[in-house]
Amino acid sequence: MTTKKLMRALAGEALPTPPIWMMRQAGRYLPEYKATRAEAGDFLSLCYTPDLAAEVTIQPIRRYGFDAAILFADILLIPDALGADLWFVTGEGPRLSTMSSQADFDRLKPADDLHDHLAPIYETIKILRRELPAETTLIGFAGAPWTVATYMIAGRGTPDQGPAHALKAENQALFNALMQRLTAATIAYLSQQIEAGAEVVKLFDSWAGSLQDDDFKRYVLQPTQEIIASLKARHPGTPVIAFPREAGDAYVGFAKATGADCVALDNSVSPEWAANHVQIDGCVQGNLASRHMVTGGAELVAETRRIVKAFANGPHIFNLGHGITPDADPANVQLMIDTARESAA
Ligand code: 1CP
């Protein structure tokens, strides 16, 4: 029997206070992160240098004692491993070679050929399992195929995922081939993360909200279900958290349809609604707006208490609704943690 708080919530237990971690908990709002990042030189070198990646993963655990650590890496390492050029422009974000033709697709590596490229990530996980406190759960992750495809097709982050929607409409066979390649690569990658020591894995579908109805079923639900089914066949005991960000009404029934052990909620849904419509099926994670980490004060306290209270009758992992931003005040993170841990039902 595990005593780790996060694992107990994922197994369906309603705890007196929720386990807590935070999306992007290792990041630029922390001075110690900025120092290690400067040492690494650039963001990708930080991801691919196991000692430094493990160090930045542990920094927020040291500072705050979160119940979980999330592997320091990025969802765009899969395109990088598939052979798409990837670089980061400081202050702007990721850039990749675009993927818009059959010739571009034909240059990608097969999904079962990524192990050597991604080996440093598995090494980071091994270091973390040795160095993390016994009560801290280690979460591995990958981007979901649709979200990763939006970056590969456009060659960058886009406000409306326009280029991916266009390719899906204009060349569905090519789009589907890319989705299949990404699904297979994600299964292999997450499986290796679990074998290296990840205790939970999370699928980030950050742009799920731009798909609806049949497209949502085909490109969010179905690949998520396929990835989870394959992982469960190989690693039956490892829980999976799914994050179909801004899915709205499509959060309802998502866990049942995909086999996810936990559904992560963004802050566009109210915790009271989500308790009634999503948490009835099992564990949920979320969903404080990350702006409170910038603004703090009475509003942060009130919203944190409201979320803890709304989800108190079922399994819940406290988190933000999206990643913490670089302008956040580290003191507000402590205030959130103290408030959530005091707000026993
Ligand atoms: O300058 C820096 O130091 C880089 C900023 C940064 C960081 C800290 C990037 C670039 N990635 C990361 C780490 C990261 N990315 C983690 C590590 C663990 C943690 O949470 O602490 C994780 C889980 C991610 C996942 C990720 N990367 C997502 C999914 C979650 C989300 O935020 O929606 C996405 C969409 C990315 C792509 C990406 N990588 C980096 C940026 C700035 C972006 C977003 C780009 C965009 O859409 O414009």
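Both counts, for ligands and for their atoms, begin at 1 and track the order of listing. In this text, all values refer to a predicted model and were calculated from it rather than measured experimentally.
Atom 34 (C) of ligand 1 has as its closest protein heavy atom Ile75 CD1, 3.4 Å. Scanning the protein for heavy atoms near atom 13 (C) of ligand 1, the closest one is Ala73 O, 3.3 Å. Closest to atom 45 (C) of ligand 1, if we only count protein heavy atoms, is Pro94 CD, 3.5 Å. Closest to atom 10 (C) of ligand 1 among all protein heavy atoms lies Phe88 CE2, 3.4 Å. Atom 22 (C) of ligand 1 has Phe141 CZ, 3.5 Å as its closest protein atom, hydrogens excluded (heavy atom only). Among all non-hydrogen protein atoms, the one lying nearest atom 48 (O) of ligand 1 is Gly157 CA, 4.0 Å. Of all protein heavy atoms, the one lying nearest to atom 9 (C) of ligand 1 is Phe43 CZ, 3.4 Å.
Which parts of ligand 1 touch Arg28 is read off a 4.0 Å heavy-atom cut-off, strictly below it: atoms 1 (O), 2 (C), 3 (O), 5 (C). The His322 neighbourhood of ligand 1 comprises atoms 31 (C), 32 (O), 33 (O), with distances under 4.0 Å to a heavy atom of that residue. Annotation for ligand 1: atoms under 4.0 Å from non-hydrogen atoms of Phe72 are 8 (C), 13 (C). Close approach to Leu71 involves these atoms of ligand 1, each under 4.0 Å from a residue heavy atom: 17 (C), 18 (C). Less than 4.0 angstrom separates some heavy atom of Tyr33 from each of these atoms of ligand 1: 2 (C), 3 (O), 8 (C).
Between Trp207 and ligand 1, no N or O atom pair is found at a separation short of 3.5 Å. Polar contact check, Arg24 against ligand 1: a nitrogen or oxygen pair lies under 3.5 Å apart. On a distance-only criterion, Gln25 and ligand 1 share at least one N/O pair closer than 3.5 Å. At least one N/O-N/O distance between Ala26 and ligand 1 falls below 3.5 Å. Between Arg245 and ligand 1, a contact under 3.5 Å exists for no N or O pair.
Under the 30°/60° scheme for interplanar angles, the aromatic rings of Phe204 and Phe141 are found to stand perpendicular. The aromatic rings of Phe43 and Phe88 sit perpendicular, their planes meeting at an angle over 60°, well past the 30° parallel limit. Ring geometry, Phe254 versus Phe216: the interplanar angle exceeds 60°, so the pair is classed perpendicular (tilted spans 30 to 60°).
Connection of Val240 to Val263 is not established within any shared hydrophobic cluster, with ILVMFWY side chains joined at heavy-atom distances below 4.5 Å, either directly or through further cluster members.
The pair Arg37-Asp42 does not meet the salt-bridge criterion, since no charged nitrogen lies less than 4.0 angstrom from a carboxylate oxygen.
Aromatic ring centres of Trp207 and His322: separated by at least 6.0 Å. The aromatic ring centroids of Phe318 and Phe311 lie 6.0 Å or more from each other.
The closest approach between Arg156 and ligand 1 stays at or above 4.0 Å for every heavy atom of the residue. Heavy-atom distances between Tyr151 and ligand 1 reach below 4.0 Å in at least one pair. Proximity of Pro60 to ligand 1 is not established, as no heavy-atom distance is less than 4.0 Å.
When the shell of 6.0 Å around CG of Asp327 is examined, it contains more than 12 heavy atoms from other residues, nucleotides or ligands. Within 6.0 Å of CD in Glu195 there are more than 12 heavy atoms belonging to other residues, nucleotides or ligands.
Pairing each heavy atom of Gln25 with each of Ile61, the nearest pair is NE2-CD1, 3.8 Å.
Proximity annotation for atom 30 (C) of ligand 1: of Ala40, Ser206, Ala69, Gly93, Ser206 comes nearest, heavy atoms only. The option from Gln59, Arg37, Arg95, Glu92 that lies nearest to atom 2 (C) of ligand 1, judged by heavy atoms, is Arg37. Remark: among candidates Thr158, Ile70, Asp74, the nearest residue to atom 40 (C) of ligand 1 is Asp74, based on non-hydrogen atoms.
Residue Thr57 does not touch ligand 1, judged by heavy-atom distances below 4.0 Å.
Note that CZ of Arg156 is 11.0 Å distant from CG of Leu96, once rounded to the nearest 0.5 Å. Rounding to the nearest 0.5 Å gives a distance of 8.0 Å between OG of Ser290 and CE of Met23.
Just one residue in the list Arg62, Glu55, Arg63 forms a side chain to side chain donor-acceptor pair (under 3.5 Å) with Gln59, and that residue is Glu55.
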Original post:
Checking side-chain contact (heavy atoms from CB on, under 4.5 Å) for the pair Ser101/Asp104: CA distance, chi angles, key distance, verdict?
Top reply: CA-CA 5 Å; Ser101 68; Asp104 296 334; 3.2 Å; yes
